[in-house]
Amino acid sequence: QVQLVESEGRPVQAGDSLRLSCAASGRDSFSGYCMGWFRQAPGKEREFVGYIWWSSGITDYADSVKGRFTTSRDRNTNTLYLQMNNVKPEDTALYYCAAGVRGSFWERDYDYWGQGTQVIVSS
């Protein structure tokens, strides 16, 4: 069973930077997986943030975060990261990491999910 455990968030001010982590376990190798990030703000639907293919490092991002957020992975520690720069109040949401064997913008194509990390950005 694949397990994804996310780090705790912290309150930040607009313009600050924050790094989220997601520790993956349950497989000898994640080389065949795509790792995704999603977020859900209060009163809104869950939305795609970005993904990275574990082996190749190929990434894609939502337009709302492109140029500000970067996802990466450490293949030695099986850890996924989301680097958030120049955060805005509209970035406030519950952030989830996810894993699946199909690269996708849609949450339905991911098989495993982290528990969620609360990110609150104040003005």
Side-chain angles (χ1 to χ4, degrees):
Q1 177 73 22
V2 171
Q3 185 174 181
L4 305 175
V5 179
E6 299 179 46
S7 61
E8 294 185 4
R10 62 179 177 85
V12 293
Q13 300 285 324
D16 285 353
S17 295
L18 179 67
R19 175 176 282 183
L20 305 182
S21 66
C22 173
S25 62
R27 292 287 186 272
D28 292 335
S29 173
F30 288 93
S31 61
Y33 283 80
C34 181
M35 313 294 285
W37 289 97
F38 293 80
R39 68 185 183 184
Q40 187 167 20
K44 300 182 67 176
E45 294 183 347
R46 189 172 299 178
E47 65 175 347
F48 168 77
V49 175
Y51 70 65
I52 182 169
W53 280 99
W54 190 264
S55 181
S56 68
I58 293 174
T59 59
D60 203 0
Y61 301 93
D63 288 341
S64 59
V65 306
K66 197 170 296 182
R68 298 189 297 120
F69 292 7
T70 302
T71 187
S72 62
R73 82 290 192 221
D74 187 331
R75 288 176 286 186
N76 292 321
T77 61
N78 288 339
T79 304
L80 178 72
Y81 298 99
L82 182 67
Q83 179 66 45
M84 307 165 63
N85 294 329
N86 191 27
V87 295
K88 305 175 181 179
E90 50 263 44
D91 294 321
T92 296
L94 192 64
Y95 284 73
Y96 298 89
C97 62
V101 297
R102 298 172 294 275
S104 178
F105 305 103
W106 301 286
E107 60 183 284
R108 66 183 180 182
D109 287 329
Y110 290 86
D111 301 306
Y112 308 100
W113 292 83
Q115 80 278 15
T117 296
Q118 184 69 247
V119 174
I120 299 176
V121 183
S122 60
S123 300

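Contacts classified as ring-ring contact (aromatic ring centres under 6.0 Å, His included) and involving residues 22-44 (residues at least two apart or in different chains) are given here: Phe30-Tyr33, Phe30-Trp54, Phe38-Phe48, Phe38-Tyr110, Phe38-Trp113. Sorted by first then second residue, the disulfide bond (SG atoms under 2.5 Å apart) pairs that include residues 66-96, not counting sequence neighbours, number zero.
Taking the side chain as every heavy atom from C-beta outward, Val119 and Leu18 approach each other to under 4.5 Å. You'll find the side chain of Tyr61 reaches within 4.5 Å of the side chain of Thr70, heavy atoms only. Looking at Ser17 and Gln83, their side chains come closer than 4.5 Å, going by heavy atoms from C-beta outward.
Atom CZ of Arg46 and atom CD of Glu107 lie 5.0 Å apart (nearest 0.5 Å). The distance from the CG atom of Asn85 to the CZ atom of Arg19 is 9.0 Å, given to the nearest 0.5 Å. Here Leu20 contributes atom CG and Arg10 contributes atom CZ; the two are 9.5 Å apart, rounded to the nearest 0.5 Å. Here Glu6 contributes atom CD and Cys22 contributes atom SG; the two are 5.5 Å apart, rounded to the nearest 0.5 Å. Taken to the nearest 0.5 Å, the OG1 atom of Thr71 stands 11.5 Å off from the CG atom of Asp60. Taking OG1 of Thr117 as the reference point, atom CG of Leu94 lies at 7.0 Å (rounded to 0.5 Å).
Contact record, Cys34 with Ser104: SG-N, 4.5 Å, taken as the closest heavy-atom pair.
Partners of Lys88 under the side chain to side chain donor-acceptor pair (under 3.5 Å) rule, at least two apart in sequence or in another chain, do not exist in this structure. Residues passing the salt bridge (Lys or Arg N to Asp or Glu O under 4.0 Å) test with Asp109 are Arg102, sequence neighbours excluded. Remark: Arg39 engages Glu47, Asp91, Tyr95 in a side chain to side chain donor-acceptor pair (under 3.5 Å) (not counting sequence neighbours). Residues passing the side chain to side chain contact (heavy atoms under 4.5 Å, CB included) test with Ser25, sequence neighbours excluded: Gln3.
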